[in-house]
Structure formats: C-alpha cells, structure tokens
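Here is the structure we will look at.
Just so you know, ligand 1 is whichever comes first in the structure, and atom 1 is the first atom listed for that ligand. These numbers were taken from a predicted model, which means no experiment stands behind them.
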Amino acid sequence: MTYLSFHADKPLDFVAIGRLCVDLNANEINRPMEETVTFTKYVGGSPANITIGMSRLGKRCAFVGKVSDDQMGRFIVQYLERNGISTSNVVTDRTGAVTGLAFTEIKSPTDCSILMYRDHAADLNLQPGEVREELIAQAKMLLISGTALAKSPSREAVFQALHYAKKYGVVIAFDIDYRPYTWTSAEETAVYYNLAAEKCDVIIGTREEFDIMERFEDNQAHLDRITADKWFDHSAQIVIIKHGKEGSIAYARDGSEHRARSFPANVVKTFGAGDAYAAGFLYGMLQGWTIGKSMEHGSAAACIVISSHSCSDAMPTAEQVQRFIEQSKREEVK
Ligand SMILES: Nc1ncnc2c1ncn2[C@@H]1O[C@H](COP(=O)(O)OP(=O)(O)OP(=O)(O)O)[C@@H](O)[C@H]1O
Ligand SMILES: O=C(O)C[C@@H](O)[C@H](O)C(=O)CO
C-alpha cells in the first residue's frame, strides 16, 4: 500500500525549514548544571537534527533557515555543509540576532533538562521572502517543525514554504516539536499548530504534543484514534503518536494501525529520540518501505541516539541502523 506519492524526478529528497541552533551538552553527566564545568558543542534544533539524520542515511538534503552573523552561525553552516546538506537557502541575519543556545543538563538517564538561551534568536527572524520557491519545488519532501511557528516572521516563512510545497506536489511532514519556552500562550500555540497541521501529509508528535494542539486536558492513549481521525478530515495520510519508551503508534488514512516497540537502550540522555525517530521513519517512507518497517527503523535510530552524547552528531547511517536491528533481534532470541 502506498500512502505517500513522491515525485521520483525531483533532485532533492528532503528539505527542512526552521530552527538551527547550538547544543552545549554537559560532559560531566549525572550531575546538576551548577556543578557542570565543561560542555561539548553540537549543532542542534529539531529540524536541523532531523536533516542531519536524513543526510547520514544517504538522502539528498537542503535546509531553509537563518543563522547569526558570527562564529556560532558559521559553525552551523560549516557543519551542515560537511554533512552534505545544501545551505544555499540558509540566510545570515544582519540585525545582530544571536544563535539560540541549549545547555543540556544530564542529571540521570531519566532526568534531563534543557536550559535555553533564546532571546533574539536568529532562526525566528527568517522572512517569508527569504524562502526560495525553486528550492522547495525541487524537493520530494518538506519537513516543518512547530517551534518555527512560535513567532513572526519565521511563522509566515513556514506558511510560505507550505504554500510552495502544495503548489509543487511536495509531500509535507510536520514534527510538532513543542518547546513551551518559545510560545506566549496555550491558545496561540493551538491556533498556529492547527493551521499548519491541516496542510500536512504526515504528522508526528507525542501524546502530550497532540493534547496541546487539541486542548485536551489529559494524557490518555485512548485518545490516539480520535486524534488521528481528526487529521484525516484534512490532508493527513499518516498520523504518528509517540509514547516514549512505550513505543509508537501510526494510523493511516485507510484505517490501518501500526505499532512499534522501542528497543532496549543504554540511555545517556533522552533528548534527540524524537528527531532520530522522525529521520528514520521518514527515510523509510522515501525508500517506499511499509509503515511498520519505517517505524522500526525510526525506533532503532532513536535508540542509537539516546545511547549517545549528542542529538545531531550521533545520527546513524542506514548500515548502522540495520546492523543494530539485526543484533537486537539476535539478542532477543538468545
Ligand atoms: N527510554 C527509551 N528507551 C528506548 N527507546 C526510546 C526511549 N525513549 C524514546 N525512545 C524511542 O524514541 C521514540 C521517540 O521518543 P519520544 O516518544 O520520547 O519522542 P520525543 O518526546 O519527541 O523525544 P525527545 O525527547 O527527543 O523530544 C520512541 O517511539 C521510542 O522508539
Ligand atoms: O532547542 C531545543 O529545545 C533543544 C535542541 O537544540 C535539541 O537539539 C533538540 O531539539 C533535541 O530534540
């Protein structure tokens, strides 16, 4: 069964729009930030991580975004280019905006948090006029990510990209990527998330993230089917609801349901699970795999990333994911 139809003749597999930032992950793990002295610097931001993941998996990728006019901005651009990602639509900010910094505190494998420095962040300054129509037109898939909807003008830039994607038959994926620190109110969040999600073919989020969109009060798995059906009334072909270690469930427009277990992980930090999952899953869709096989690939990629120190730099290749799945299956039968 084919759920998504990609234009085979397009030269780019994947383009993402949104946040480019820097993660500073604590080197001294299992202790609070107050006692952390050294950090390792990585490129960060959910759509950046997903694009890096997709490129590692072997897809031709480009990014649409904005970086600060300083060493941090140049670090991001150089890293993307070293990873084979086209930065022809990564614009340099000229207003003195800075790169968003995410300091990751790893108190224990299950107790991680992020301390954000995001005032006057360059990524939120992307203007709709800076989104290049010809770039979006060349892509098989566009990924949008929720944080870019939090403020103007980046919000309008995302809607501009959505408009171009619709115009050229580009499959649209939406990773809800809810980061509360960027938004001013729950109502505002729900309004813009809903407006964007209506236009998307694939919607991926955690139960909590869908609750924010739908303004549900509780976090109950029985709502998953109701959520999916709501989006099938719009453009969605596939809706995926992630439940952390409990795995994930995908609903498809034909009424089918697909479940994926998580793999047993040696967790260093939980951040990056969702990004690796999205890269792995969407890669499978681009390969023409079944939903189940794509979910398994995403879950394995997530397990590899949460067992590592970074979100972006730890993104695995397709061979690594395959080897990991085979090894896990061998261990399971032992
Ligand atoms: N503790 C864990 N052990 C093994 N796999 C996990 C664990 N947590 C998450 N995963 C895997 O990653 C996938 C996505 O994780 P999750 O549902 O936590 O998304 P998320 O909240 O978007 O992640 P993030 O922490 O990056 O924001 C899950 O479906 C699962 O396969
Ligand atoms: O911006 C954040 O909230 C953190 C990111 O920089 C981090 O790389 C991430 O998005 C992990 O999902």
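With a 4.0 Å cut-off on non-hydrogen atoms, Ala302 touches ligand 1 through its side chain and not its backbone.
For ligand 1, the atoms lying closer than 4.0 Å to a non-hydrogen atom of Ala265 are 3 (N), 4 (C). For ligand 1, the atoms closer than 4.0 angstrom to any heavy atom of Gly247 are 29 (O). Close approach to His243 involves these atoms of ligand 1, each under 4.0 Å from a residue heavy atom: 17 (O). Proximity to Thr206 (heavy-atom distance under 4.0 Å) selects the following atoms of ligand 1: 19 (O), 20 (P), 21 (O), 22 (O). With ligand atoms numbered from 1 in the order given, ligand 1 contributes 31 (O) to contacts under 4.0 Å with heavy atoms of Ser299. Distances below 4.0 Å separate heavy atoms of Lys242 from the following atoms of ligand 1: 14 (C), 17 (O), 19 (O), 20 (P), 22 (O). Of all atoms in ligand 1, listed by their number and element, those nearer than 4.0 Å to a heavy atom of Ile306 are 2 (C), 3 (N), 4 (C), 5 (N), 6 (C), 7 (C). Proximity to Gly272 (heavy-atom distance under 4.0 Å) selects the following atoms of ligand 1: 26 (O).
Among all protein heavy atoms, the one lying closest to atom 25 (O) of ligand 1 is Thr270 O, 3.2 Å. The protein heavy-atom contact nearest to atom 23 (O) of ligand 1 is Gly274 N, 3.1 Å. Taking atom 5 (N) of ligand 1 as the reference point, the nearest protein heavy-atom neighbour is Ser262 CB, 3.4 Å. Of the protein's non-hydrogen atoms, Arg179 NH2, 4.5 Å is the one closest to atom 27 (O) of ligand 1. Atom 4 (C) of ligand 1 has as its closest protein heavy atom Phe263 O, 3.1 Å. Scanning all protein heavy atoms for the shortest distance to atom 13 (C) of ligand 1 gives Tyr277 CD1, 3.8 Å.
In this structure, a donor-acceptor pair under 3.5 Å is absent between the side chains of Lys66 and Asn89. For the residue pair Gln327/Glu331, the side-chain donor-acceptor check at 3.5 Å is satisfied. Between the side chains of His258 and Ser256, at least one donor N or O lies within less than 3.5 Å of an accepting N or O. No side-chain N or O of Glu134 forms a donor-acceptor pair with one of Gln138 less than 3.5 Å apart. Counting only N and O atoms by type, the side chains of Asp224 and His243 include a donor and acceptor under 3.5 Å apart. Side-chain N/O atoms of Thr227 and Glu214 include a donor and acceptor closer than 3.5 Å. With hydrogens and angles left out, the side-chain atoms of Asp93 and Ser68 include no donor and acceptor closer than 3.5 Å.
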Item to complete: For Val202 and Ile172, run side-chain contact (heavy atoms from CB on, under 4.5 Å): C-alpha distance rounded to whole Å, both residues' side-chain angles, the deciding distance at 0.1 Å, then the answer.
Response: CA-CA 6 Å; Val202 182; Ile172 306 169; over 6 Å; no
Worksheet item: Taking it one step at a time, do Glu81 and Arg74 satisfy salt bridge (Lys or Arg N to Asp or Glu O under 4.0 Å)?
Response: CA-CA 11 Å; Glu81 286 174 354; Arg74 289 189 286 280; over 6 Å; no
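The contact shell of ligand 2, taken as protein residues with any non-hydrogen atom closer than 4.0 angstrom, comprises Arg19, Cys21, Asp23, Gly44, Gly45, Ser46, Asn49, Ala102, Ile114, Met116, Arg179, Tyr181, Gly272, Asp275, Cys311.
Closest approach of Phe324 to Ala300, counting heavy atoms only: CD2-CB, 3.6 Å.
Ring to ring, Trp289 and Tyr283 are close: their centroids are under 6.0 angstrom apart. In this structure, the ring of His309 has its center less than 6.0 angstrom from the ring center of Tyr42. For Phe174 and Trp231, the gap between ring centers reaches or exceeds 6.0 Å.
Remark: atom 29 (O) of ligand 1 lies closer than 4.0 Å to at least one protein heavy atom.
For the residues Cys112, Ser46, Ala300, Ala273, the heavy atom positioned nearest atom 15 (O) of ligand 1 is part of Ala273.
The distance criterion of under 3.5 Å between nitrogen or oxygen atoms is not met by Cys303 with respect to ligand 1. Residue-to-ligand polar distances place Gly244 within reach of ligand 1: an N/O pair is separated by less than 3.5 Å.
Tyr181 is linked by a side chain to side chain contact (heavy atoms under 4.5 Å, CB included) to Arg19, Met116, Arg118, Arg179, counting only residues two or more places apart in sequence or in another chain.
Stacking of Lys41 on the aromatic ring of Phe75 is recorded, both the 6.0 Å distance cut-off and the 45° axial limit being met.
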